[in-house]
Amino acid sequence: MPEYDLYAKIYDFEYDDIVDDIPFYRDLAVQSGGPALELACGTGRVLIPVAEAGIEVVGIDVSAPMLAVAQEKVSLLPSDVQGRITLYEGSMRDFDLGEGRFALVYIPFRSFLHLLTVEDQLAALAAIRRSLRPDGRLALAFFNPRLDLIAPRLTQRGGTIFLEDSYDLLNGERLLQWACTRYDATTQISRTERMYDRVAADGQLVERTYRQLTLRWMYRYEAEHLFIRAGFEVEALYGDFNRRPFDTGSEEQVWVLRVSGSRNASRRRASRRSRL
């Protein structure tokens, strides 16, 4: 994804505190026995802990610079962990790594929301379904839309730029992150324009980088209908990564899906074994 190319060097600074989802995906991967496939693996934030837990994992990302950072991090791992990791450049919309290969496919953070059309979403889900074993799972998560935050900004033509965060860099410099988000209720698309100022210890601007993040938010039943249309059934929907029940106050939609009919097939196999 082009907006991530210039962003690869500072991605880990921005998201190094996002760790709540790592045990969730790692535990699902261990439970599956592997191999696992991570789509939009980025710099390896989740992928590396999965491999460290003993699971063979393949990572796909559309951004070569993000994959380069991931590969550099992988090269520092013990050889046995390195041997469990394979990285590919590609899109989640049309990848093909073999039919029925994976026990688990997972898409961390909000990456599925980068698919802005139903056609792209269905294409990605079809590729995922082909790659899964008959009893395989798909796990993904995205934010639960908050209309109280979206509605006030729908009438704003411009938008307010504000200091979103700041980070201390290892060389003594600081990174200031500015942001402005606009929402379109008709298309359910949010566009966040971010500006990153790298500032020296004396306050002088060293570098300024721009990035636009475009997402299409999804409501609970919209997502469920999409998954069913794509040949999946819902195993669970949680409101956070601690598996709390989903309700109106939930900030996250955490989905665990199975290929349609896989649980019935498992029951039939178990029933046949019990009669032998």
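Across all non-hydrogen atoms, the minimal contact from Ser250 to Gly239 is OG-CA, 3.4 Å. Between Gly34 and Ala103, the closest heavy-atom pair is O-CB, 3.7 Å. Here the shortest heavy-atom pairing between Glu38 and Pro108 reads OE2-CG, 3.5 Å. Closest of all the heavy-atom pairs between Ile60 and Gly90 is CG2-O, 3.3 Å. The minimum heavy-atom distance linking Ala36 with Ala29 is given by the pair CB-CB, 4.5 Å.
A donor-acceptor pair under 3.5 Å is absent between the side-chain atoms of His114 and the main chain of Leu215, judged by distance alone. For the pair Ser260 (side chain) and Gly231 (backbone), a donor-acceptor distance under 3.5 Å is present. A donor-acceptor contact shorter than 3.5 Å links the side chain of Asp61 to the backbone of Gly42. For the pair Glu233 (side chain) and Gly261 (backbone), a donor-acceptor distance under 3.5 Å is present. The closest donor-acceptor contact from the side chain of Asp120 to the backbone of Leu115 lies at 3.5 Å or more, if one exists at all. When atom types are taken as modelled, the side chain of Arg194 and the backbone of Cys180 share no donor-acceptor pair closer than 3.5 angstrom. Under the 3.5 Å distance criterion, the side-chain polar atoms of Lys73 are left unmatched by any main-chain donor or acceptor of Gly44. Using a distance-only test at 3.5 Å, with no hydrogens or angles considered, no donor-acceptor pair links the side chain of Gln121 to the main chain of Ala223.
In this structure the side chain of Tyr219 reaches within 4.5 angstrom of the side chain of Gln188, judged on heavy atoms. Contact annotation: the side chain of Arg216 never approaches that of Thr117 to less than 4.5 Å [non-hydrogen atoms, C-beta and beyond]. The closest side-chain heavy-atom distance from Tyr88 to Leu97 is below 4.5 Å. In this structure the side chain of Arg45 reaches within 4.5 angstrom of the side chain of Ile18, judged on heavy atoms. Using a 4.5 Å heavy-atom cutoff, the side chains of Asp135 and Val259 are not in contact. Arg208 places a side-chain heavy atom less than 4.5 Å from the side chain of Tyr210. The closest side-chain heavy-atom distance from Asp165 to Leu175 is not below 4.5 Å. By the 4.5 Å heavy-atom criterion applied to side chains, Leu176 and Val199 are counted as neighbours.
Salt-bridge formation is not detected for the pair Glu119/Arg93: no Lys NZ or Arg NE/NH1/NH2 atom is positioned less than 4.0 Å from an Asp or Glu carboxylate oxygen. Using a 4.0 Å cut-off between charged nitrogen and carboxylate oxygen, Glu235 and Arg258 count as a salt-bridge pair. Electrostatic pairing of Arg211 and Glu193 does not count as a salt bridge here, judged by no charged N lying under 4.0 Å from a carboxylate O. Arg198 and Glu173 are joined by a salt bridge, as a carboxylate oxygen and a charged side-chain nitrogen come within less than 4.0 angstrom of each other. Arg129 has no carboxylate O lying under 4.0 Å from a charged side-chain N of Glu99, or vice versa, which leaves the two without a salt bridge. At a threshold of 4.0 Å, the pair Asp21-Arg26 does not count as salt-bridged, since none of the basic side-chain nitrogens sits closer than that to a carboxylate oxygen.
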Quiz item: Would Thr187 and Leu116 satisfy side-chain contact (heavy atoms from CB on, under 4.5 Å), going step by step from the backbone distance to the final call?
Solution: CA-CA 9 Å; Thr187 60; Leu116 303 183; over 6 Å; no

Exercise. List the steps and the verdict of side-chain contact (heavy atoms from CB on, under 4.5 Å) for Leu28 and Arg137.
Key: CA-CA 9 Å; Leu28 282 177; Arg137 285 167 157 174; 3.5 Å; yes

Exercise. Begin with the C-alpha distance, continue with both residues' side-chain angles, and end with the deciding distance and a verdict on side-chain contact (heavy atoms from CB on, under 4.5 Å) for Val234 and Glu224.
Key: CA-CA 7 Å; Val234 178; Glu224 185 169 346; 4.0 Å; yes

Quiz prompt | Working for side-chain contact (heavy atoms from CB on, under 4.5 Å), residues Tyr221 and Leu226 | solution = CA-CA 8 Å; Tyr221 288 112; Leu226 178 76; over 6 Å; no

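Leu138 and Leu47 fall into different hydrophobic clusters, where Ile, Leu, Val, Met, Phe, Trp and Tyr side chains are chained together by heavy-atom contacts under 4.5 Å. Under the 4.5 Å side-chain heavy-atom criterion for ILVMFWY residues, no single connected hydrophobic cluster contains both Leu113 and Val256. Taking hydrophobic clusters as Ile, Leu, Val, Met, Phe, Trp and Tyr residues chained together by side-chain heavy-atom distances below 4.5 Å, Ile107 does not share a cluster with Val30. When hydrophobic clusters are built by joining Ile, Leu, Val, Met, Phe, Trp and Tyr residues whose side-chain heavy atoms come closer than 4.5 Å, directly or via intermediates, Tyr106 is not grouped with Leu140. Cluster annotation: Val105 and Leu237 are assigned to the same hydrophobic cluster (Ile/Leu/Val/Met/Phe/Trp/Tyr, side-chain heavy-atom contacts under 4.5 Å, transitive).
Taking the ring centroids of Tyr238 and Phe246, they lie at or beyond the 6.0 Å cut-off. Taking the six-membered ring for Trp and the full ring otherwise, the centers of Phe143 and Trp217 sit at least 6.0 Å from each other. Ring centroid separation for the pair Phe24 and Phe241 comes in under the 6.0 Å cut-off.
Grouped with Ile228 in a hydrophobic cluster is no other residue, since no side-chain heavy-atom contact under 4.5 Å to another Ile, Leu, Val, Met, Phe, Trp or Tyr is found.
Considering CD1 of Ile55 and OG of Ser32, their distance stands at 5.5 Å, rounded to 0.5 Å. Here the CG atom belonging to Asn242 is positioned 7.0 Å from the CG atom belonging to Asp20, to the nearest 0.5 angstrom. To the nearest 0.5 Å, atoms CD (Gln71) and CG (Leu87) are separated by 5.0 Å. Distance check, rounded to the nearest 0.5 Å: CG of Leu37 to CG of Leu39 gives 4.5 Å. For the atom pair Ser131 OG and Met92 CE, the distance stands at 12.0 Å (nearest 0.5 Å). Expressed to the nearest 0.5 Å, how far CZ of Phe112 lies from CD of Gln253 amounts to 11.5 Å.
Ring planes of Trp255 and Phe142: tilted class, angle from 30 to 60°.
In the displayed structure, Arg220 atom CZ is contacted under 6.0 Å by more than 12 heavy atoms of other residues, nucleotides or ligands. Taking a 6.0 Å sphere around CZ of Arg244, one finds it holds 12 or fewer heavy atoms contributed by other residues, nucleotides or ligands. More than 12 heavy atoms of other residues, nucleotides or ligands shown are found within 6.0 angstrom of CD on Gln82.
Arg174 is linked by a salt bridge (Lys or Arg N to Asp or Glu O under 4.0 Å) to Asp168, counting only residues two or more places apart in sequence or in another chain. For the side chain to side chain contact (heavy atoms under 4.5 Å, CB included) test, residues two or more places apart in sequence or in another chain that qualify with Val19 are Ile22.
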